[in-house]
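Both counts, for ligands and for their atoms, begin at 1 and track the order of listing.
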Amino acid sequence: MDVQKIRKDFPILNREVNGKPLVYFDNAATSQTPVKVIDTISDYYKNYNANIHRGVHALSQEATDLYEAARRKIQKHFNASQPHEIIFTSGTTHSINIVSSGYGQLLAQGDELIVSALEHHSNIVPWQMLCEKTGAVLKVIPIDQDGVLIMDEYKKLLSDKTKLVFVNHVSNALGTVNPIVEIITKAHAFGAEVLIDGAQASPHIQADFQALDVDYYVTSAHKLCGPTGIGILYGKESALRRLPPYQGGGEMIAEVTFEKTTYADLPHKFEAGTPNIAGGIAFGAALDYINAIGMQQIAAYEEELLQYATEKLSKFPGLKIYGTATKKTAVISFNVQGIHPYDIGSILDKLGIAVRTGHHCAQPIMDFYKIPGTVRVSFSFYNTFEEIDTMLEALKKAISMLQ
Ligand SMILES: *Cc1c(COP(=O)(O)O)cnc(C)c1O
C-alpha cells in the first residue's frame, strides 16, 4: 500500500489549519472523500441530473441505471443475496429508525429487546422511544473494564420473550470489535432477530451478510469515504417483507386510491420520495475506491498505526486508555489525569490536529467509566506514522501547558 500516493487522492489532506498542516484523526466521526467520489457527485449534476424510476427520457434512464448499479455494487461488496435487500437511506440513524418504527407494529406488551452498553445513541434512543410506545422492555448487555461485552450476561438476558437484539459491530467510542457471530447465533436460537450497527465497522472490516446470517445490518457511506446523507438498511428479504413501511409517499406505492393504498415491492416499499441519487451513485464509487486498495490491506495497515500509537501513548505519565479489548479497530480513547479532554482537543486543534473530544454519542460508556468524556484519535488508511509523531509531540506540549 503506497500511502503517499493514496494521500494525493484526498485534496483536503493538503490544507492547513491554524497555519499547520492538517492532521486528520477524527475518522470515526467521518472519513475524508477521495477525488473519484467528489467527481462522481459533480458528474451527476453536470451531465445526467434527473429523477429516477419514473422518466421515459434518456437522462432519467441513465440516472436510474447508475443508481441501481450502485445498489448492486453495495450488494456485492457485502454479499447480500439480492439487490432489493439493500435499501437506500440517509444513513445509519435513518436505517435504525426504519426498523424501530416498523417494530412498533410487531411488538406486544412485555416483549423484550436487548441492546449493548457499548452503543451509539442512535442505536439506543429509537428503541427507548419504541419501548415507551409498545410496553416492550429494554435489557442491556453490560461491559467489563476493557470495554468488552460480558457474553455470559448476554446469555442470561436471552429468553423466549426476546424479539430483537441490536448491537454495533464496532464501538465508535472505544474501537471494540464485538463478537457478532456469537451474538447472532445465540439470538437466533431463541427465535429473535438481530440488527447490527455497522457504521464503525464498514471502513475496517469486510462484513459478509449471508455468512453472518444477520437479519438487519446498517451503515453510512460517509464513514467509508462516501458522501454524507446516504447509507443503507440491509435486511433479509423475509425480514423486510414482515417489516411495515416507514414513510408514506411517492415511489413506495403500487396503487393509490382514497379507499386503500397498496405498497410497492422491495426495495421501493422503504424508499419513499426522491432519494439522494448522486449520493447513492457516489457510495458505489467509494466502494470501488476502497476495494481497489483492498479491505485487507487497509485493515492490516490501520492495525500497525493502532499498535504504534497505543504503545507510544501508553508511555505518557497519567494517561489512561479506555477500551483495551484485544480485538479493536484504529480508535484510541484516552484521558490525561487532571486535564479535561476538551482542553487537550482545543490545543491540538491550534496545532492543526483534528481529534474528537466528549462523550462520542455514547454517554452510557462514559458513565460506566465515571468520566465526562475522552479524547479520541481515530485513524484511516491515509494517515501516517509521521502524523502520529506530530500528534504525540503536540500532546506533550498540551500536557505541559495544562498541568
Ligand atoms: C457514526 C455512527 C453512527 C451514526 O451514523 P450517522 O451517519 O450519523 O447516522 C451510529 N453508530 C455508530 C457505531 C457510528 O459510528
Note: heavy atom closest to atom 2 (C) of ligand 1, options K223, Q200, H169, belongs to K223
Closest to atom 9 (O) of ligand 1 among protein heavy atoms sits T93 OG1, 2.6 Å
So the atoms of ligand 1 within less than 4.0 Å of a heavy atom of S220 turn out to be 5 (O), 6 (P), 7 (O), 9 (O)
* **Any L174 side-chain heavy atom under 4.5 Å of Y322 side chain** => yes
Here the atoms of ligand 1 under 4.0 Å from any heavy atom belonging to A199 are 2 (C), 3 (C), 11 (N), 12 (C), 14 (C), 15 (O)
CD1 (I87) and OH (Y246) are apart, to the nearest 0.5 Å, by 14.0 Å
Ligand 1 to T92, heavy atom cutoff 4.0 Å, flagged ligand atoms 5 (O), 9 (O), 10 (C)
Closest to atom 13 (C) of ligand 1 among protein heavy atoms sits D197 OD2, 3.5 Å
- Item | Geometric N/O contact N172 with ligand 1, under 3.5 angstrom | no
**Study point:** K320 atom NZ, over 12 foreign heavy atoms within 6.0 Å
**Key:** yes
Value for CG (N172) from OG (S122), rounded to nearest 0.5 Å, stands at 8.0 Å
min-distance protein heavy atom vs atom 10 (C) of ligand 1 -> S122 OG, 3.2 Å
>> Looking at M151, I'd like to know if its CE atom is crowded, meaning that more than 12 non-hydrogen atoms belonging to other residues, nucleotides or ligands lie closer than 6.0 Å.
In response: yes
message = Using only atom types and a distance under 3.5 Å, with no angle test, would you say the side chain of T384 pairs donor to acceptor with the backbone of E387?
response = yes
Contact region, H222 to ligand 1, non-hydrogen atoms below 4.0 Å, reads side chain
Correct closest heavy-atom pair for K397 and S400 would be O-OG, 2.8 Å
